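Computed from a prediction, not measured in an experiment: that's the story for all the values here.
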Amino acid sequence: MSLSRSRTTRISSLLLSATAVSAGLITAVPAFAVTGPEAAAGQLASVVKLNIGDEANSRACTGILVDQTWIATAASCFAATPGTPVPAGKPALKSTATLSDGKAVEVVDLAPRTDRDLVLARLATPAAGIAGIKRATAAPAAGAELTAAGFGRTKSDWVPGKLHTGTFTLDTTDAATYSITGKGADALCKGDTGGPLLNASGELIGINSRSWQGGCLGAPATETRTGAITARIDDLTDWVQGVRALTSGWKAETLVQADSTLYQGIRLNDGSWTGFTDVQSKAGNIGGVRTAAVAGIDRDTHVVALGGDGRLHHTIRKADGTWGVFGDVNAAASSLSGITQVSTVSIGTDLHVVAIAGGKVFHTVRNAAGNWTPFGDLAGAVGPIGAVTSVATASAGGQLQLVAVSGGKAFHTVRATTGHWTGWGDVAGVAGTTGSISSVAMAGAGGDAHIVVATENGTRQYHSVRYGNGTWAPFGDLRDYLGAVTAKSVAAGTVDGELQVAVTTTDNRIVHTIRHTDRTWGPTAPVTARSVTGTLGSISLAGTL
């Protein structure tokens, strides 16, 4: 059975369908509409019409926006030769999506699945003003009533110009597909390939792939079956989010340590999160991870982790999602012993790394060429402040700003662009007292440096700003924004000019909030850290493009 057809090969397409009907269900070849009624004006605005191939030999399919950049549709629509696999990357055939506002946008990239007839197709420019469809995260029950939509043939129209919908019943579910049957005379026709299947809540559960086409214009009069096969998408949240994360644009790269495992996840600009990945499974085993820090340089994510061997290791996650192998920072920047914490920040294309070792603070720089400077002891440049227990860094106005905690008190210093350090300043003296500090995080925004601290064994959290002119805002209590949480670790990062804050809590949760550029705070939301197991520890956050 097939849902797609070539406009210039109607007879051969019908012959293929007729032959297939006599033999049984066949694999889809790109097609044209659901035989039900036209969709109401404005209904299902995220559904798009796809045209693939040149004018002389083009095919048509349906798809649906999962966000403003990516379309979910059937991979078979893009096969250069029907029935052949679809490689990732630029489509083999010129492909255009016509949006619900009438705008035609070229499809420039494909991310196909290999286990089902499904692909995510990237638009050359985002579909401004059109929201993506909400995706379901669970399969409906057998017998559930579902809705399909498409621009394919109807009972009477060969090439309809309007979106049609139909009602279907779920028959069976397996690991990759749904089997459905049209209610009454509803059926999927040629051109409906790639169209959405929605649950009762209007959420996307699948992408239509193949059909018997009973009652469709051009189908044999003897064919009355309205059954169809749909590729599941409800079980592919992590895959969809992972593909979406490859799109250029601001996002929050997040590291969280649980027991001895380090996980990496991404908060996208719509507030949703990817799944979390075991970093050692990508970058190599370093004997477990005790703590780690993240920094963004352009579209790349730099990770520095304290391994189970007591040494610092560095790796890069590239913008395409690939990882480099962990390298030994201690071997490149001189050995340190007794390391307990690390903080990282980017300034231009340089990665600045600050580590606590033996209660002292050390600093090194990795340049764009991958070369490291030797670790330098800040006590020699800034002066001693006693045993340091926590440290945080930020880039503000092109300068490295650093806060170190000793004896429960925070001290601040600045490394100028010339490489010279200022003396330590007592933060309490300029921003107010907060109680004994157990965790600190920093993030720069323009010339300002934001500081977030957890105090009183994590039971209270506060925020301050060191402005570009050197003055400080008084510490503000974050209880009204974070709620009554007990923080194990706090993280801060600037993403598209806004401060994002994440906290791991003693009851093993991750919570997240944003301070907007107008100085208001958004609601605090729990982070569903899929795949993360174990007892949460340190957390780190940074923005990337």
Side-chain angles (χ1 to χ4, degrees), residues 1-5 13 16-36 47 50 59-64 72-79 82-86 112-120 135-136 139-153 164-183 185-199 203-216 219-220 223-236 239:
M1 73 185 158
S2 170
L3 295 187
S4 56
R5 71 166 176 84
S13 176
L16 176 62
S17 296
T19 302
V21 167
S22 65
L25 301 182
I26 68 169
T27 302
V29 288
F32 281 129
V34 177
T35 58
V47 180
L50 293 165
R59 61 182 73 143
C61 285
T62 302
I64 190 163
T73 187
S76 54
C77 293
F78 294 93
T84 60
V86 175
R113 292 285 300 188
T114 58
D115 61 341
R116 64 197 74 179
D117 187 17
L118 177 64
V119 68
L120 292 184
R135 302 186 307 279
E145 190 171 284
L146 309 170
T147 300
F151 286 100
R153 296 178 189 167
H164 287 71
T165 62
T167 303
F168 292 78
T169 300
L170 177 61
D171 300 326
T172 61
T173 302
D174 64 25
T177 63
Y178 293 117
S179 294
I180 59 176
T181 299
K183 293 194 70 175
D186 287 355
L188 296 174
C189 303
K190 287 182 179 293
D192 292 329
T193 301
L197 185 67
L198 310 173
N199 64 16
E203 299 168 332
L204 180 66
I205 63 167
I207 295 297
N208 296 317
S209 176
R210 309 186 298 280
S211 170
W212 287 111
Q213 304 178 55
C216 297
E223 181 55 69
T224 59
R225 288 171 292 185
T226 59
I229 299 297
T230 296
R232 292 182 63 179
I233 198 171
D234 61 280
D235 62 332
L236 298 178
W239 175 73

### Message
To the closest 0.5 Å, what do you measure between CG (L197) and CG (L204)?
### Response
8.0 Å
### Message
Please find the pair of heavy atoms, one from T193 and one from S76, that lie closest to each other, and give the distance.
### Response
CG2-OG, 3.9 Å
### Y178 and P140, any side-chain heavy atoms less than 4.5 Å apart
yes
### Message
Just so I know, are the side chains of T173 and R232 near enough to count as touching, which here means a heavy-atom distance under 4.5 Å?
### Response
yes
### Main-chain N/O of A136 paired to D234 side chain as donor or acceptor, under 3.5 Å
no
### Query
Can you check whether N208 reaches T62 side chain to side chain, under 4.5 Å on heavy atoms?
no
### Message
What I'd like to find out is whether the side chain of D192 reaches to under 4.5 Å of the side chain of S211, using heavy atoms alone.
### Response
no
#### Entry: Within-4.5 Å side-chain heavy-atom neighbours: R116 and L236
yes
#### Entry: Least distance between heavy atoms, C216 atom then A187 atom
SG-CB, 4.3 Å
### Minimum heavy-atom distance between L170 and L146, given as atom pair plus value
CB-CD1, 3.9 Å
### Query
To the nearest 0.5 Å, what is the distance between CG (L188) and OG1 (T230)?
6.5 Å
### Message
Assess the residue pair I207 and I64 against the criterion (side chain to side chain contact (heavy atoms under 4.5 Å, CB included)); give the C-alpha distance rounded to whole Å, side-chain angles, the decisive distance to 0.1 Å, and a yes or no.
### Response
CA-CA 9 Å; I207 295 297; I64 190 163; 4.1 Å; yes
### Query
Looking at T165 and A149, what are the two nearest heavy atoms and their distance?
CG2-CB, 4.1 Å
### Query
Nearest 0.5 Å, what's the CG-CH2 distance between L118 and W239?
4.5 Å
### Task
Hey, could you give me the CD1/CD1 distance between I233 and I205, rounded to the nearest 0.5 Å?
11.0 Å
### Query
How close do D117 and S209 get, heavy atom to heavy atom, and via which atoms?
OD2-OG, 2.7 Å
### Query
Between CD1 of I229 and CH2 of W212, what distance do you get to the nearest 0.5 Å?
9.5 Å
### Task
Mind checking the CZ-CG spacing from F151 to L50? Nearest 0.5 Å is all I need.
9.5 Å
### Task
Please check if the side chain of E223 supplies one atom and the backbone of R225 the other of a donor-acceptor pair under 3.5 Å.
yes
### Query
What heavy-atom pair brings E203 and R135 nearest, and what distance separates the two atoms?
CB-C, 4.1 Å
### Reference residue T181; test side chain to side chain donor-acceptor pair (under 3.5 Å); the match among T169, D171, T226, D186
D171
